[in-house]
Number of protein chains: 2
Amino acid sequence: MSTRLPLAENPAGAPLRALAKRLADSNIQQLLADDPERAQRYSAEGAGLTLDYAKHWLDDESLSALLDLARAAGLESARGELLSGAPLNNTEARPALHTLLRATSAPAGCEDKFAEVEAVRQQMRQLVEALHNGERVSFAGKTFTDVVNIGIGGSDLGPRLVTDALQPWQGKIRAHYVANIDPADLEQTLASLDPSTTLLLICSKSFRTEETRVNGLSARQWLLDGGATPENVGDNCLAITTNLEAAAQFGIPAENCLPLWDWVGGRFSVWSAIGLSTAIAIGWDAFQDFLGGARAMDAHFAETPLAGNLPVLMSLLEVWYTNFHNAGNHVVLPYSHQLGLLPAFMQQLTMESNGKRVDCAGQALAENSAPVLWGESGTRGQHSFHQHLHQGTWLCPVDFILPLTADTSLQDQQHRLVAHCLAQSRALMIGRDLEQSLASLRERGVEEDRAMELAPHLVMSGNRPSSVLTMDKLTPETLGALLALYEHRTFCSGVLWGLNSFDQWGVELGKDIGAQVLAMMKGEGEAASDPATDRLLARWRAAEGG
Amino acid sequence: MSTRLPLAENPAGAPLRALAKRLADSNIQQLLADDPERAQRYSAEGAGLTLDYAKHWLDDESLSALLDLARAAGLESARGELLSGAPLNNTEARPALHTLLRATSAPAGCEDKFAEVEAVRQQMRQLVEALHNGERVSFAGKTFTDVVNIGIGGSDLGPRLVTDALQPWQGKIRAHYVANIDPADLEQTLASLDPSTTLLLICSKSFRTEETRVNGLSARQWLLDGGATPENVGDNCLAITTNLEAAAQFGIPAENCLPLWDWVGGRFSVWSAIGLSTAIAIGWDAFQDFLGGARAMDAHFAETPLAGNLPVLMSLLEVWYTNFHNAGNHVVLPYSHQLGLLPAFMQQLTMESNGKRVDCAGQALAENSAPVLWGESGTRGQHSFHQHLHQGTWLCPVDFILPLTADTSLQDQQHRLVAHCLAQSRALMIGRDLEQSLASLRERGVEEDRAMELAPHLVMSGNRPSSVLTMDKLTPETLGALLALYEHRTFCSGVLWGLNSFDQWGVELGKDIGAQVLAMMKGEGEAASDPATDRLLARWRAAEGG
């Protein structure tokens, strides 16, 4: 793998620091007025998605300097390394080959891996078909009506999102998701289900993820309590794992296991057998179309010059605001009820990948890495935190995500949804000055003294940056392209920051301490603690006794 | 109302600026080691909740200086004004009297308002009982099995959260929530319901909220399509509104309307008739207990000296990190599956209330106001963004919220949940240095060269601040206290920043522009636009035509 250049050492960063000041003081409306072609030129398309990025603190000079930054960071060669299966994940000495999961042919040297991918695809397809046509039945000899996906993090957020987003493709088998170690999650989910018609999918690469293992065992007991026997309980269980031995101990025979590979990170795994619950819910054809959409985005990312490349542009905007304008957060607002889980998915994708403090070589970063990503579906957020977006003091760059049309008999509502999305992006830009605020109050008949008093409260500074990412309609294809777009954006930002987006060493310690605290709660061992934790443990003991 | 002092003009701010530097360089573990009483002293209790705040960049001097800041900001008199019904919401010339909604007696001068509150409580109780005992039936003469709450923002998040959180109290009538203008929200909700046994609650103070009005009309049509007539459709509809005329036009007679008052902000309204869907779902007694928990927190807030006052302490921590350590975000992590919606609720509460750019007098703030609030239920977040909390570069102060026990047959899972919460807070504090990282790798048998290479990636800087807020169990009472705690924290922070927490002028413009854009989409009028919006409109037209 080529060496990464951290942002602080990127020679192309210096001109950007100077430009940043000028652009923050520029006025987006003025930039649009000065250049009749701006709205057209500041847009890019690929794989059924269109990015309009004219409403940003950008001009040709800063955009060109940002592209220079990308080139100087070696983004083009890094892209090639990613897609060809180079061991980019240097701390774990592996490639990050999630693109292979949706490919129709293998890059040179990846033929063996691709053959395995194709074999699992066949296995998935056969499973989905056998479940749908009733060939595969439960321990009680019944057709399955429900699947419960037991997994957490990457083994949960991806399939949960996609199943939810593609609800119009929902077939006769419904998917449910259990992730939390909190028993309420499992208990509430199983309460409405029938063990004799419910299939469990245990999703854990290692089969050792605590939440998944423990929830899996509790769910297995629910099957046994519901009439299964230790001999036939495996009929209602599938495992998606690399650890066949642990799965066998659980009672899942090898023929009920679907493999994963160490070159697929959890947060990039929805395209693999981790997506099985989704494939069962929406059917094999729709799942294939979902992969196809991602593949189209992969091709766009691979082949499009940087200046028109969606993931590259969106990553440059992320770095521009994060590092040159000190924005510590990024907002994702899907104007689509079905994409309500998208911000949570993106949160994992970007913050687990790029929430890092060292570069690939282990040197402490001198520049900030991933900002906090958060959001909500529109129009719900408008009645919640948009006050803060319009009049708050913190810089919050926004991605609006908008399917332009939808199949619904309530077209008026769909049109209103579109109108609001466009209006919010425009309102952030134009704001409202004191004079306009006064005029608005006078129009409402507010008397002059009161209007003068109130007007400053109505003022919105405007000039707040946002992108609008549109697609004709939310379909398996456009959804696949959308997720792949943010995957590649995440990778690009990691390259620009000079870090490894594919490991997550920061989550280890908490797990270790979790086991220590649990031991202390059980009165086992003599784990190290601290006075604050001791006090909390004492509170727990008192509550348990009370 | 007494004048508010913006933070930038608060004379008690100067010593804090000096202290902030020292405290950011301090080590929390060392502070705990140096003072055997710290863990005990840095805790406070009230209304069944306990805040442990020893793991912060705080010492006695800075804590004392923060309390001075609160006194200099006039927090004590502001608290009195809030609770006595003074017109604190100065831009709208109203009090903010949500505490009256859970009171058992009225402060002086609020007797008339309180009489109205009590009358509505009686109306709610009778409704809940009549629905439960089958006295009140649908247009088809059937007992109701489901209610659909149609509302958005404050008319949605509060009751949705409380119904979800108190799922163990769920009775035989189930509550559903529809908020988004996106027709998918309503369509997916109604798909599984029977019009002849479904009651609609139309929740909009003005009865003019676009989403609620439009969804309400679509839902009304669904009732008509399901057998209701224009004459009896009102049997299946209730309105919570101040606008009886508009409700009557909709087909809801006055006797089916429950009033709201202009002195209740939407985000503070779950205690009012806006909570009706929850009261129906969990029953009247549990709803009363929920109000009782909030009332207990009101008493704690009113009567406890600042130094032991939960909302005050949490607000001082918010201002400490926001303004003296430049943290632009605040994380809320409920370790409870049932509190999964809490971050979204808190997001509205804090960001709509305090996402402001001017003080009460309309002067631009020279200091930052509300940070971004975000979060996720534990342990789900651990497998998503905790990497960023532990190893990211941005300061993210955390509130862990933990019910210590739960009624479940899966006690082992509940214990694990508690262990993880305590472990995450401890891990954020202790971190892992290079030597410990090396030791950890050697223990796993990693060879020395590789261990040296990897160790820097395992390093966690630690010293990251968090609070742990515990309760013995999640009940209607503790949930009421929890929400009231954050309400008062929000108010206190508003006072410290010198702003009005109870208006939301920043959401007006977007609504106006939304109407303009919709008119353009319909080809009506000649609304002002801009080249970027025009281009997006052209995209929409093309997609509609395609």
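So that the names make sense, note that chain A is the first sequence line, chain B the second, and so on, each numbered from 1.
Contact check on R450(A) versus E453(A) returns a salt bridge, with a Lys/Arg side-chain nitrogen under 4.0 Å from an Asp/Glu carboxylate oxygen.
When heavy atoms are compared at a cutoff of 4.5 Å, S43(B) approaches chain A solely by way of its side chain, counted from C-beta outward. When heavy atoms are compared at a cutoff of 4.5 Å, L32(B) approaches chain A by way of both its backbone and its side chain. Heavy atoms closer than 4.5 Å to chain A are found nowhere in A455(B), neither backbone nor side chain. Neither the backbone nor the side chain of S437(B) comes within less than 4.5 Å of any heavy atom in chain A. In this structure, chain A has heavy atoms under 4.5 Å from both the backbone and the side chain of V459(B).
Looking only at heavy-atom pairs under 4.5 Å with chain B, the residue among C396(A), G362(A), P36(A), S440(A) that has the most is G362(A). Your options are L417(B), L157(B), N215(B), and the one with the most heavy-atom pairs under 4.5 Å with chain A is L417(B). Most heavy-atom pairs under 4.5 Å with chain A, from the set Q338(B), H420(B), E187(B), H457(B): that is H457(B). Ranked by heavy-atom pairs under 4.5 Å with chain A, the list A419(B), G510(B), G153(B), S409(B) is led by A419(B). Highest contact tally toward chain A, considering only D185(B), T408(B), T350(B), L518(B), is held by D185(B) [criterion: heavy-atom pairs under 4.5 Å]. In terms of heavy-atom pairs under 4.5 Å with chain B, the best-connected choice from D52(A), V358(A), D472(A) is D52(A). Interface check for chain B: of the options Q411(A), H390(A), Q504(A), M521(A), the most heavy-atom pairs under 4.5 Å are formed by M521(A). Note on H386(A), Q347(A), Q424(A), Q29(A): by heavy-atom pairs under 4.5 Å with chain B, the leading option is Q347(A). Counting heavy-atom pairs under 4.5 Å between each of D412(B), V372(B), L373(B), T470(B) and chain A puts V372(B) at the top. Contact count against chain A (heavy-atom pairs under 4.5 Å) is highest for P183(B) among P183(B), A423(B), P531(B), A427(B). Contact count against chain B (heavy-atom pairs under 4.5 Å) is highest for S369(A) among S369(A), A179(A), G328(A). For chain B, the option among T405(A), I152(A), L422(A) with the highest count of heavy-atom pairs below 4.5 Å is I152(A).
We find the OG-CD1 distance between S529(B) and I430(A) to be 9.0 Å, quoted to the nearest 0.5 Å. Of the inter-residue distances, the one linking Q348(A) atom CD with R267(A) atom CZ reads 7.0 Å to the nearest 0.5 angstrom.
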Worked check of side chain to side chain contact (heavy atoms under 4.5 Å, CB included) between E211(A) and R380(B): CA-CA 9 Å; E211(A) 285 87 345; R380(B) 294 186 62 199; over 6 Å; no

Evaluation steps, salt bridge (Lys or Arg N to Asp or Glu O under 4.0 Å), between R416(A) and E210(B): CA-CA 9 Å; R416(A) 289 172 187 270; E210(B) 181 184 353; 2.8 Å; yes

Evaluation steps, ring pair (Phe, Tyr, Trp, His ring centres under 6.0 Å), between H415(B) and W540(A): CA-CA 10 Å; H415(B) 293 174; W540(A) 171 74; 5.3 Å; yes

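Between the side chains of N329(A) and W394(A), no donor-acceptor pair of N or O atoms lies under 3.5 Å.
Looking at Q387(A), its side chain does come within 3.5 Å of a backbone N or O of G506(B) through a donor-acceptor pair.
Partners of D503(B) under the side chain to side chain donor-acceptor pair (under 3.5 Å) rule, at least two apart in sequence or in another chain, are T91(B), K356(B), N500(B), W505(B).
Under the salt bridge (Lys or Arg N to Asp or Glu O under 4.0 Å) rule, D530(B) has a single partner from R426(A), K55(A), R38(A), which is R426(A).
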